[in-house]
Amino acid sequence: MPVIIRDINWEETDINLVLHIPMKGAKANKLDVLSSDQYLKVSFPPFFYEVFLYDFVNDDKSRIIVQNGFVEVTLTKQNPRKWNQLSHPQSENKEIMKALREEALNQMGLKQKQRTEANSSLLNANKREAVREQMKLEGAERNRIDTIKKNERDKISEEMKQFEENQKIQRQLAMQNHIKPNEIQLREENNGPENKKMIFEENKVIEKKKTIFEENTSKNVSRTVEISLEPKLSIPLRETCRIAVNFTSRVFPTPLRESQTDIEEQWLRKQVESRQVSTDLQLDLSEKEKDIDYLKEKANQFFQQGNFQSAIGVYNHAIRVFPKVATLYSNRAACHFQVRNMMKCVEDCSRALELLDPPVPDNLLQRVKAHVRRGTAFCELELYAEGLLDYEAALKLSPDDEKVREDAQRIRNFLEKNQDFS
Amino acid sequence: MDKPQIILHSQKSVNYTVFDVKWIPTSAKFISLGNHARGTGALDIFEITHGDITVVSQNEKPSAFKCGTFGASPTRERRHLATGNFDGYIQVWDLEKLDKPIYSVKGHKEIINAIDGVGGLGVGEGAPEIATASRDGRVHIWDTRQADLPVASMEPAESETKRDCWSVCFGNAFNSSERIVGAGYDNGDVKLFDLRSMSLRWETNIKNGVCCLEFDRKDIEMNKLVATTLESKIHVFDMKTQHSEKGFASVVEKAHDSTVWLGRHLPQNRDVFMTCGGSGSYYLWKYNYPEQRFKTQTDKTVVGVAGSLALLQNISLSSQPASAFDWSLDKLGLACTSAFDQTVRVLITTKLNTV
């Protein structure tokens, strides 16, 4: 139950009002103040003191000091005049007190909000300043580097101009020099090696450049240069020889890349495995029937003749002997397609694709063919979505194939049209 | 700011694919070799004037060009350009008279991928010779004094299936009889052929197709060999010490995040070279020698020690691979380059004298 303090002392001047509130032994850190323009409440549990002031005070300029067991409140009056009394006449009215208290609270709240807003806006302004400063510094740094680079570039343009001019001067010198050696040659043809040396040295100095109208000088050069070529011509021609070269073996025709070596090895191993005849066959087969190429030949012949069922028969047999050769499945799929056995065609294509793993450039064409065949089979079965998937896969593997692209587009259009209806 | 800076001086767009650019010795001009869309060859001469590249002359030849070199040009004044084209023809052109080649031979059955020349330009001793590498797996050495037949050839043995030969370079030409030809193949083989003894000097496989091979100098005893390959790898071999089993020591660096198409040494400093990548980036490297370039092993044999590579600078100029790069012999740091975005560019690298 809070206890109201009534025995306070107060003094006033025209401008200020000082209140001394005894603390009665309470701790200073529990002090709480609520003040507004006309209301003051000081509380330090379990005591509190409140007063409805006679006149308005400047809340912002008020001060509170805790010393000697007293709370000293200094209030600055808004209207500088003597009050002669502390509380307002209407102090005893409970209603008014309540209203005042609320007002005081609101005012505190408002002031608090304003303070925080001011703080945050100050903070923002500072941040923006900091960022601007940073940008300025970085800009300055960049400019410095740019000017250095620009200076370098200008220096080099200068040097290049110098270089070009040097070349031009030397070219002109060369043109002038050409007349001299020619005359020397004509006059002193019989002088032998000395003469040759001199001309040879002169030629070394010459740095010539060709333009169309320098045809004359070019003729001169050809004559003088012939002489200088002689020392070189004296070196004998090499005897024709041959060195036989052996290469590190590589099965694939593509260049060797470290990142591809693993999957290439895997593929090679699979190829080797598939070529091995399946040993768990009890049938007694002749040599020919074990030769995969003979079987493929035979099947191909049947296919050409239009005898698809026989071709299928040969492939069935071949697959029993060589269950891991992808091309057998692929070709049997083609036969099934011809006899309109679409489901079997799809199955065989899928099996072929399974066997054509890992995907290396070597089996690219086979994979494209399998995808296209399966796609067509799906379309014949009216499973257009699946067919489109296969065509897209084929297109991804071989983006340059126009026919595949057109077919894929046709299926897409067909699908879209049908979807509109459903 | 003390590092060398690579500055793009000027660039020019052309309307054909450029495969090679080379400075014309002793001039501010360079040639470009390429392939028009209609399948004919382009041979253009450009000049640097007033900070810009101007076209001096344009020539069209019946067959597309792939590569060229001035290396076997007899003198610095009389420039002979040796070119290889898509049909397997090696031709030597006199730049004064470009209407007909002064030497032409169908040296290979397929496209000539790379060409190199040695003994010309007044540098080195011995006869001027041209080496060509082709898709048919052969490396041929040509001398312009002998028509129709190469003076030396490195061909696949009888039973071998051929591999693409992608690059070729000359080296070790420090006197008139010594020559070494290095060849890089698409299966990662690097082979060195000694032309004096007509034998295979050394071979190795660096696990990725070799796009470019270059000795740091052609006319000295072989010192270093740079091999740039697929999968962003750069190998630098120390060629001073050959071990009988281990061969040459090497350091490997990974850069560019794409195929490294070219590696070109600075003519004025043999420890600095530029590599050009498939992402259009150019990296400038310096090779630092180790404390000791060789060490003796427990079985008394000597094996070489490779040094380290330091990246000096890099720049990215286009999104397409760089197809050619050539340092100028006359001005330190000047280079011309081309890329598959149909442009030729002139670059200047500063502060190379302080490297």
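Heavy-atom basis, side chains included; hydrogens, waters and symmetry copies ignored. Per chain, numbering begins at 1; letters A, B, ... match sequence-line order. Everything numeric here is computed off the predicted structure, so don't read it as measured data.
Here Gln146(B) is the residue among Gln146(B), His140(B), His50(B) with the most heavy-atom pairs under 4.5 Å with chain A. Between chain A and the options Thr229(B), Asp186(B), Val210(B), heavy-atom pairs under 4.5 Å are most frequent for Asp186(B). Counting heavy-atom pairs under 4.5 Å between each of Ser157(A), Cys241(A), Ala244(A) and chain B puts Cys241(A) at the top. Counting heavy-atom pairs closer than 4.5 Å to chain B, the top-ranked of the candidates Ile156(A), Ile243(A), Thr261(A) is Ile243(A). Heavy-atom pairs under 4.5 Å with chain A peak, among Thr350(B), Asp189(B), Leu200(B), at Asp189(B). Chain A forms the most heavy-atom pairs under 4.5 Å with one residue out of Gly333(B), Ala157(B), Gly188(B), Gly209(B), and that residue is Ala157(B). Comparing Arg242(A), Lys155(A), Glu159(A) by how many heavy-atom pairs each has under 4.5 Å with chain B, the most go to Arg242(A). Counting heavy-atom pairs closer than 4.5 Å to chain B, the top-ranked of the candidates Lys161(A), Arg257(A), Arg250(A), Gln260(A) is Arg257(A). Ranked by non-hydrogen atom pairs under 4.5 Å with chain A, the options Glu155(B), Glu129(B), Lys233(B), Met154(B) are led by Glu155(B).
Here the side chains of Ile348(B) and Met160(A) are in contact, with some heavy-atom distance below 4.5 Å. In this structure the side chain of Arg153(A) never reaches within 4.5 angstrom of the side chain of Gln5(B), judged on heavy atoms. Proximity of Phe163(A) to Ile48(B): side-chain heavy atoms (C-beta onward) are nowhere separated by under 4.5 Å.
Contacts of Glu160(B) with chain A are made by side-chain atoms alone, with heavy-atom separations under 4.5 Å and no backbone atom involved. Leu149(B) does not touch chain A: none of its heavy atoms, backbone or side chain, sits under 4.5 Å away. Contact of His9(B) with chain A is made through the side chain alone, with heavy-atom distances under 4.5 Å. For chain B, the nearby parts of Phe247(A) are the backbone and the side chain; heavy atoms of each come within less than 4.5 Å. Looking at Leu334(B), the atoms closer than 4.5 Å to chain A (heavy atoms on both sides) all sit in the side chain, from C-beta outward. Both the backbone and the side chain of Leu195(B) come within contact range of chain A, each with at least one heavy atom under 4.5 Å from a heavy atom of that chain. For a residue to count as touching a neighbouring chain, one of its non-hydrogen atoms must lie under 4.5 Å from one of that chain's; by this rule Asn187(B) touches chain A with backbone and side chain alike. Within the 4.5 angstrom heavy-atom criterion, atoms from both the backbone and the side chain of Ser153(B) approach chain A. Of the atoms belonging to Thr254(A), it is backbone heavy atoms, and not side-chain ones, that fall under 4.5 Å from chain B. Within the 4.5 angstrom heavy-atom criterion, no atom of Ser159(B) approaches chain A.
Residues Lys191(B) and Asn246(A) approach most closely at NZ-O, 2.7 Å, considering heavy atoms. Across all non-hydrogen atoms, the minimal contact from Arg163(B) to Pro253(A) is NH2-O, 3.4 Å. Nearest heavy atom pair, residue Leu230(B) against residue Pro255(A), reads CD1-CB, 3.9 Å. Contact between Asn208(B) and Glu258(A) at its shortest, heavy atoms only, is OD1-N, 2.8 Å.
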side-chain contact (heavy atoms from CB on, under 4.5 Å) between Val245(A) and Val139(B), intermediate numbers included: CA-CA 10 Å; Val245(A) 171; Val139(B) 173; over 6 Å; no
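For Trp23(B), the CH2 atom is densely surrounded, since the number of other residues' heavy atoms within 6.0 Å is greater than 12. Counted within 6.0 Å of CZ on Arg135(B), heavy atoms from surrounding residues, nucleotides or ligands total 12 or fewer; the atom is thus considered open. Environment of NZ in Lys369(A): sparse, with no more than 12 heavy atoms of neighbouring residues, nucleotides or ligands closer than 6.0 Å.
Counted by atom type alone, Ser259(A) and Glu231(B) present one or more donor-acceptor pairs between their side chains at under 3.5 Å.
Glu164(A) contributes atom CD, which lies 11.5 Å from atom NZ of Lys29(B) (distance to the nearest 0.5 angstrom).
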